[in-house]
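Working notes, structure below.
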Amino acid sequence: MAILETGSIYKRVPLIERYRNFLPVTDSTPIVSLLEGFTPMIRTDRIAQEISDNITMYVKFEGMNPTGSFKDRGMTMAISKAVEVGSRATICASTGNTAASAAAYSARAGLVCAVILPRGAVAIGKVSQSMMHGAKVLAIDGNFDDALRITREISEKYPITLVNSLNPYRIEGQKTGAFEICDDLGHAPTYHAIPVGNAGNITAYWAGYKAYYAAGLIDRLPVMLGFQAAKSAPIVDGHPIEKPETVATAIRIGNPASWKQAEAARDESGGLIEKVTDEEITEAQLMLAQTEGIFCEPASAASVAGVIKKAKEGFFKEKCEVVCILTGHGLKDPDRAIKIAPPFIELPADTDIVAKEMGLK
Ligand code: F0G
């Protein structure tokens, strides 16, 4: 698995430098990087023990990327390629994370950035990022699917680079998540669990595993397990959802752009795409936070919720390794966290009263 030179593991290098041989860049591609990637893959034994005798479980915490989500892997590629061809402006539709990442990388590259968001349906941490990085934030009266339609139409009509995952460089960059998993484990996991929204990420991971397999760096491919939120599950239901709903606003999407590619990843890997309810998502998010110390956003917890659900059904019949992608950081959506976590207690500034409340007196 010798993609890394000895010693280089201690150096942070741009993701594109690290996996240059697998990416469509040349010596003349200007690399726009915030030192993304290289995210921790954390073994979660306490959850694994609770749900199955057969699982060794890891979570890859993509919330540790520079803007707090996996989008940075694709954005370093998309923005670098935009600069290479002389683009001056970028645009994306977003449930929040793509926008935050596009805004940050565009700022770093000196590009103008516009983000089209579904009004009232984006977590506050993500909105604050886009605003802070100086993007033009346009909140429309419509959902993500409307925002994506408008974004496509604008990018076709005006000289502005679309940086949604329809941009092939986004997928190219996001493949690196699979490379890192294989580099960390020394092989591919048995199962790869992932939330599915616009379906770019499952597409990218599958392409990444296939690229490593073709290069002879792994000798088997994982089975892909995708999870959609129950009321935003067009791929599972087999038709677009007009009014998708879920507490996991990041994956509140009714007509995914990479629908067919997600189905291909599922079918080629012998995997599945299924639903998890908002209750299951919330339970998994709390469990990660309270038994493993890992705070991810609701959409991310869909991967773990899915694995818990499948374990309860007896799906994992033999010893296996499961990697769950935690796509974004919990601080992205503090409103939701405060709603579901145990409440805090307000007290006067008095030692005895505090001690009593703690059960010490
Ligand atoms: N998890 C998080 C935290 C996300 O932000 C997204 C997508 C997904 C999962 C699903 O990934 O779309 O590749 O299937 N967020 C996009 C956005 C839609 O605009 O930030 P996907």
Side-chain angles (χ1 to χ4, degrees), residues 15 36-48 50-51 55-75 95-98 100-101 123 125-126 129 174-182 184-185 189 191-202 204-205 208 222 224-229 246-252 276 278 280-311 321-334 336-337 340-341:
L15 188 64
E36 54 290 315
F38 213 170
T39 55
M41 192 155 75
I42 307 164
R43 204 169 141 152
T44 50
D45 286 347
R46 297 184 69 194
I47 294 181
E50 213 163 300
I51 63 173
I55 296 181
T56 304
M57 185 176 171
Y58 299 87
V59 296
K60 186 157 177 65
F61 193 16
E62 289 287 281
M64 296 299 284
N65 273 297
T67 76
S69 86
F70 71 97
K71 305 289 181 178
D72 297 343
R73 292 182 185 279
M75 210 53 74
T95 56
N97 281 326
T98 298
S101 187
K126 304 174 189 181
Q129 288 177 286
Q174 283 172 214
K175 290 193 314 197
T176 59
F179 303 161
E180 288 178 16
I181 291 171
C182 298
D184 274 352
L185 290 176
Y191 295 100
H192 176 104
I194 187 166
V196 177
N198 211 25
N201 213 23
I202 189 171
Y205 268 99
M224 304 296 282
L225 308 177
F227 297 99
Q228 300 201 287
T246 170
V247 293
T249 52
I251 52 172
R252 194 173 179 208
V276 284
D278 279 0
E280 288 167 331
I281 288 172
T282 302
E283 208 178 297
Q285 193 191 4
L286 282 166
M287 194 171 178
L288 278 160
Q290 297 185 0
T291 67
E292 300 285 4
I294 300 164
F295 185 19
C296 68
E297 68 169 280
S300 307
S303 60
V304 172
V307 168
I308 295 172
K309 185 187 90 161
K310 296 310 289 176
E321 264 175 345
V322 183
V323 174
C324 298
I325 306 301
L326 298 185
T327 45
H329 202 287
L331 290 171
K332 292 273 191 176
D333 192 352
R336 182 67 192 160
I340 66 173

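Keep in mind it's a predicted model, so treat the numbers as computed, not measured. Scope of the values below: all heavy atoms of this structure, side chains included, with no hydrogens, waters or symmetry mates.
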ask   = Of all residues at least two apart in sequence or in a different chain, which pass the side chain to side chain donor-acceptor pair (under 3.5 Å) check with Asn65?
value = Glu62
Pairing residues for Lys310 by the salt bridge (Lys or Arg N to Asp or Glu O under 4.0 Å) criterion, not counting sequence neighbours = Glu274, Glu313
inquiry  = Nearest 0.5 angstrom please: Glu297 CD to Gln285 CD, how far?
reply    = 8.5 Å
Euclidean distance, Gln290 CD relative to Phe295 CZ, rounded to 0.5 Å = 10.5 Å
task = Mark yes when over 12 heavy atoms from residues, nucleotides or ligands other than Met64 sit less than 6.0 Å from its CE; otherwise mark no.
result = no
ask   = Does one side chain, of Thr327 or Ser69, offer a donor that lies under 3.5 Å from an acceptor on the other?
value = no
ask   = Are Met75 and Glu36 close enough that some pair of their side-chain heavy atoms sits under 4.5 Å apart?
value = no
query = Hey, does the side chain of Asp333 reach the backbone of Ala123 with a donor-acceptor pair shorter than 3.5 angstrom?
reply = no
ask   = Step by step, would you call Ile251 with Thr95 a side-chain contact (heavy atoms from CB on, under 4.5 Å)?
value = CA-CA 7 Å; Ile251 52 172; Thr95 56; over 6 Å; no
message = When you measure from the side chain of Gln129 to the backbone of Ser101, do you find a donor-acceptor pair of N or O atoms at a distance under 3.5 Å?
response = no
ask   = Leu288 and Cys296: which non-hydrogen atoms are nearest, and at how many Å?
value = CD1-SG, 3.7 Å
query = Taking only residues two or more places apart in sequence, or in another chain, which ones meet Glu283 in a side-chain contact (heavy atoms from CB on, under 4.5 Å)?
reply = Lys312
request  = Output the distance between atom CG (Asp184) and atom OH (Tyr58), rounded to the nearest 0.5 Å.
outcome  = 9.0 Å
ask   = Do the non-hydrogen side-chain atoms of Met41 and Leu185 ever get within less than 4.5 Å of each other?
value = yes
request  = Hey, could you give me the CZ/CD distance between Arg73 and Glu180, rounded to the nearest 0.5 Å?
outcome  = 4.0 Å
key: Approximate separation, where rounding is to 0.5 Å, of Ser300 OG and Ile294 CD1   = 11.5 Å
key: Minimum side-chain heavy-atom gap Ile340-Val247 below 4.5 Å   = no
key: Side chain to side chain, Ile181 and Lys60, heavy atoms closer than 4.5 Å   = yes
ask   = Measuring from Glu280:CD to Ile308:CD1, what's the distance to the nearest 0.5 Å?
value = 8.5 Å
query = Parallel, tilted or perpendicular for His192 and Tyr205, by the 30°/60° rule?
reply = tilted
